[in-house]
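Count residues from 1 along the sequence. Ligands are counted one by one from 1 in listed order, and the atoms in each one are counted from 1 as well. Quick note: numbers below take in every heavy atom, side chains included, and nothing from hydrogens, waters or symmetry partners.
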Amino acid sequence: MKNILITGGAGFIGSHAVRHFVKKYPDYNIINLDKLTYAGNLSNLRDVENSSNYFFIREDICNYDAVKKIFSGETLLSNKSFKNICLPVDGVINLAAETHVDRSIKDPFVFARTNVLGTLTLLQCAKETWQGNYEGHLFYQISTDEVYGALELEGGFFTETTRYDPHSPYSASKASADHFVRAFHDTYGLPVVITNCSNNYGPYQFPEKLIPLFINNIRHNKPLPVYGTGQNVRDWLYVEDHARAMDIVFHKGVPGSTYNIGGFNEWKNIDLIKVVIKTVDRILGRQEGASLKLITYVKDRAGHDLRYAIDSTKLEKGLGWRPSLQFEEGIEKTVKWYLENQEWMDNVTSGEYERYYENMYGNR
Ligand code: NAD
Ligand code: TYD
């Protein structure tokens, strides 16, 4: 495969995936298709944006006509600023999505549109472009552990055979997308793989999600809103380990298969929050525990899933992937990154980057 379409490449995980593939595979053309919603930020990709094997197209994955032209290569061929000619898309890694559970509770429609109809649009374009000649092609859907529902505190792990049981509008939309992906495999023979990953953390995550939000709030001595009792459990994976897993699954995954991705790294929210507080306080030279007073218990999230925990044995034994970072190391790197990149954080929280890209690309 030469021409790889990565959707949602300006977002948190997508930018790490794009960076990984652009740097590791100079002979591939990496096409980043992103609508640049509030969560998309091209400054996440500054270090690769001038690479000769990197192409950015601002587009909505729901726009069938535009996506079709991207698949055929027409869009790139007609754009003189793209030096390398890039003919049909050979492989797709679909990360574009609305991703925040709290937003999905407030406005589920955009989740159904992007996550379900957008994925369906990509599937249809892949099918029509490849026309049954599936050799050397792959549609890789990036999914989440949240589609499996919730576990009891002592309730084992999600495996690849756990029944889908989504509870939030976000997870329902992702589950629905995954069903379409499987349906295209079973009905049309489209070569697909799906991975269900646990919570990611690391640089470039939009600060509406727990870890970057709390790092920023601690820095500015703002309250830390802990939902409910703080006893909910999440399973955390450093984002670059997810990008490496994607590389392995993209190249070695068996079409028609699902793989779970996770680092066997469960944390109760309140315990994780205390680790983040301790790390930020230490790096900022504050007295140990000084920011614990910022913890503020607030009303619980509606339908808040109690526990997620991923069993990734299939990926580890079958394809040889292992997480490379211990959590202590990952959280240290992450806290340092946010504290050292205050300008990135300020731009994101002030909406500065949105205005910048509006000027460049027009209104969203
Ligand atoms: P994110 O919200 O940081 O980024 C999403 C990206 O998709 C943004 O760049 C946005 O502009 C783009 N996008 C949104 N709607 C679009 C549309 N209609 N057309 C084109 N682009 C659009 O998300 P993330 O946290 O990086 O998650 C990426 C993927 O990984 C998602 O599919 C998510 O479900 C999945 N996932 C995330 C996690 C996690 O912990 N963040 C865990 C498992 C799986
Ligand atoms: P989040 O980062 O939104 O990821 P997800 O809901 O997809 O797992 O939240 C992680 C956990 O932290 C989740 O149990 C909700 C909780 N949480 C808070 O307690 N306070 C907050 O302000 C946020 C954003 C999340």
Side-chain angles (χ1 to χ4, degrees), residues 6-18 32-42 44-45 57-63 66-67 93-105 110-111 113-115 117-119 121-122 141-147 150 168 170-171 173-175 177-178 194-202 204-214 217 223-237 239 242-243 246 260-262 267-270 272-273 295-301 303-308 310 348 357 364:
I6 299 186
T7 69
F12 164 48
I13 304 174
S15 63
H16 288 275
V18 166
N32 173 13
L33 185 172
D34 197 297
K35 185 181 175 185
L36 299 181
T37 66
Y38 77 95
N41 185 353
L42 287 179
N44 296 356
L45 289 163
I57 301 173
R58 186 183 188 194
E59 194 44 81
D60 185 334
I61 56 166
C62 302
N63 184 343
V67 173
I93 307 180
N94 180 29
L95 293 114
E98 289 292 335
T99 60
H100 191 41
V101 173
D102 295 330
R103 284 179 190 256
S104 82
I105 294 168
V110 67
F111 283 73
R113 182 182 180 277
T114 290
N115 300 0
L117 295 178
T119 301
T121 305
L122 291 166
Q141 172 73 357
I142 303 300
S143 188
T144 162
D145 57 1
E146 304 194 22
V147 297
S168 73
Y170 163 64
S171 54
S173 68
K174 291 293 290 183
D178 294 357
I194 299 176
T195 51
N196 298 85
C197 189
S198 60
N199 283 61
N200 285 213
Y201 71 100
Y204 302 113
Q205 187 168 31
F206 195 84
E208 62 189 354
K209 307 278 168 57
L210 181 74
I211 290 182
L213 175 74
F214 277 36
N217 284 10
L224 306 175
V226 179
Y227 299 164
T229 59
Q231 296 302 301
N232 301 66
V233 174
R234 296 292 180 265
D235 190 353
W236 294 92
L237 182 70
V239 62
H242 189 184
M246 275 183 224
N260 280 349
I261 307 176
W267 286 84
K268 272 187 188 157
N269 288 343
I270 193 64
L272 174 83
I273 289 162
I295 290 176
T296 310
Y297 289 92
V298 297
K299 194 170 154 226
D300 206 357
R301 172 186 277 172
H304 197 174
D305 285 335
L306 180 60
R307 172 172 168 254
Y308 303 142
I310 274 282
V348 171
Y357 290 109
R364 284 159 215 242

Between the OH atom in Tyr204 and the CG atom in Leu45, the distance rounded to the nearest 0.5 Å is 8.0 Å

Which of Thr119, Ile6, Ile142 passes side-chain contact (heavy atoms from CB on, under 4.5 Å) with Asn94? Answer is Thr119

Checking heavy-atom distances from atom 14 (C) of ligand 1 to each of Ala17, Gly11, Gly9, Ala97, the winner is Ala97

- request: Please confirm whether His242 comes under 4.0 Å of ligand 1, counting heavy atoms of the residue only.
  value: no

**Study point:** Min N/O separation Asn200 to ligand 1 under 3.5 Å
**Key:** yes

One should read off an interatomic distance between Ile295 CD1 and Phe214 CZ, to the nearest 0.5 angstrom, of 8.0 Å

In ligand 2, the atoms that come under 4.0 Å of a heavy atom of Val101 are 6 (O), 7 (O)

The atoms of ligand 1 lying under 4.0 Å from a heavy atom of Glu59, numbered in the order shown, are 19 (N), 20 (C)

Among non-hydrogen protein atoms, atom 19 (N) of ligand 1 lies closest to Ile61 N, 2.9 Å

Ligand 2 N/O within reach of Tyr308 N/O, cut-off under 3.5 Å
no

### Query
Short N/O distance, under 3.5 Å, between Thr37 and ligand 1?
yes

When distances are taken from atom 18 (N) of ligand 1, the protein heavy atom at minimum range is Asp60 OD1, 2.9 Å

Judged by heavy atoms only, the candidate from Gly202, Cys197, Ser143 nearest atom 44 (C) of ligand 1 is Ser143

*How about Tyr308 and Glu146: does a side-chain donor come under 3.5 Å of a side-chain acceptor?*
yes

Output for pair (Ile61 CD1, Thr7 OG1), nearest 0.5 Å, gives 5.5 Å

Near Val226 (heavy-atom distance under 4.0 Å), the atoms of ligand 2 are 19 (O)

Rounding to 0.5 Å, atoms NZ (Lys268) and CG (Asn232) come to a distance of 10.5 Å

Nearest non-hydrogen protein atom to atom 32 (O) of ligand 1, with distance, is Lys174 NZ, 2.7 Å

For a side chain to side chain contact (heavy atoms under 4.5 Å, CB included) check, start with the C-alpha distance between Tyr201 and Lys209, then their side-chain angles and the critical distance, and finish with the verdict.
CA-CA 9 Å; Tyr201 71 100; Lys209 307 278 168 57; over 6 Å; no

Going by the 4.0 angstrom heavy-atom rule, the piece of Leu210 near ligand 2 is both

shortest atom 25 (C) of ligand 2-to-protein heavy-atom contact is with Tyr227 CE1, 3.6 Å

| Touching ligand 1 at all, Thr7? Heavy atoms, strictly under 4.0 Å? | no

Within the 4.0 Å heavy-atom cut-off, what Phe214 brings close to ligand 2 is side chain

Sorted by chain and number, sequence neighbours left out, salt bridge (Lys or Arg N to Asp or Glu O under 4.0 Å) with Asp60 holds for Lys35, Arg113

With heavy atoms and a 4.0 Å threshold, my read on which part of Leu36 contacts ligand 1 is backbone

Atom 13 (C) of ligand 2 has as its nearest protein heavy atom His304 NE2, 3.5 Å

So the atoms of ligand 1 within less than 4.0 Å of a heavy atom of Ser198 turn out to be 42 (C), 43 (C)

min-distance protein heavy atom vs atom 21 (N) of ligand 1 -> Lys35 N, 3.1 Å

Margin query: With side chain to side chain contact (heavy atoms under 4.5 Å, CB included) as the criterion, how do Thr99 and Ile13 come out once you've worked through the C-alpha distance, each side chain's angles and the decisive distance to 0.1 Å?
Written below: CA-CA 11 Å; Thr99 60; Ile13 304 174; over 6 Å; no

Heavy-atom closest pair (Leu36 atom, Asn41 atom, distance to 0.1 Å) is CD2-N, 4.2 Å

Going by the 4.0 angstrom heavy-atom rule, the piece of Leu213 near ligand 2 is side chain

shortest atom 28 (C) of ligand 1-to-protein heavy-atom contact is with Leu95 O, 3.5 Å

Ranked by distance from atom 7 (O) of ligand 2, the top protein heavy atom is Glu146 OE2, 2.6 Å

of all protein heavy atoms, closest to atom 11 (O) of ligand 1 is Asp34 OD1, 2.6 Å

Taking Asn115 for the side chain and Glu98 for the main chain, is one N or O donor matched with an acceptor at less than 3.5 Å? yes

Residue, atom and distance of the protein heavy atom nearest atom 4 (O) of ligand 2 read Asn199 ND2, 3.4 Å

Heavy-atom proximity to atom 24 (P) of ligand 1 ranks first, among Val67, Ile211, Asn63, Thr99, for Thr99

Contact region, Arg234 to ligand 2, non-hydrogen atoms below 4.0 Å, reads side chain

Closest heavy-atom pair, Asp34 versus Gly40, reported as atoms and distance to 0.1 Å, is OD1-CA, 4.3 Å

Determine whether any heavy atom of Tyr170 lies closer than 4.0 Å to an atom of ligand 1.
-> yes

min-distance protein heavy atom vs atom 15 (N) of ligand 1 -> Thr114 CG2, 3.5 Å

One finds that the ligand 1 atoms under 4.0 Å from a non-hydrogen atom of Asn199 are 40 (O)

Contact region, His100 to ligand 1, non-hydrogen atoms below 4.0 Å, reads neither

*ligand 2 to Asn269 polar contact by distance, N or O atoms, under 3.5 Å*: yes

One finds that the ligand 1 atoms under 4.0 Å from a non-hydrogen atom of Ile142 are 30 (O), 32 (O), 35 (C)

With heavy atoms and a 4.0 Å threshold, my read on which part of Val298 contacts ligand 2 is neither

Min over Arg307, Arg301, Glu208 of heavy-atom distance to atom 24 (C) of ligand 2 lands on Glu208

Closest non-hydrogen contact found for Pro207 with Val348 is CD-CG1, 3.5 Å

Ranked by distance from atom 25 (O) of ligand 1, the top protein heavy atom is Phe12 CD2, 3.8 Å

Looking only at heavy atoms, the pair that brings Leu95 and Ala17 closest together is CD1-CB, 4.4 Å

Min over Thr119, Thr144, Ile13 of heavy-atom distance to atom 37 (C) of ligand 1 lands on Ile13

among protein heavy atoms, the one nearest atom 22 (O) of ligand 2 is Pro225 O, 3.3 Å

Of all heavy-atom pairs linking Pro223 and Pro225, the shortest is O-CD, 3.4 Å

Practice item. Test Glu208 against Asp102 for side chain to side chain contact (heavy atoms under 4.5 Å, CB included), laying out the working first. Key: CA-CA 9 Å; Glu208 62 189 354; Asp102 295 330; over 6 Å; no

For His100, the atoms of ligand 2 under 4.0 Å from one of its heavy atoms are 3 (O)

CD1 of Ile211 to CG of Leu272, rounded to nearest 0.5 Å, is 4.5 Å

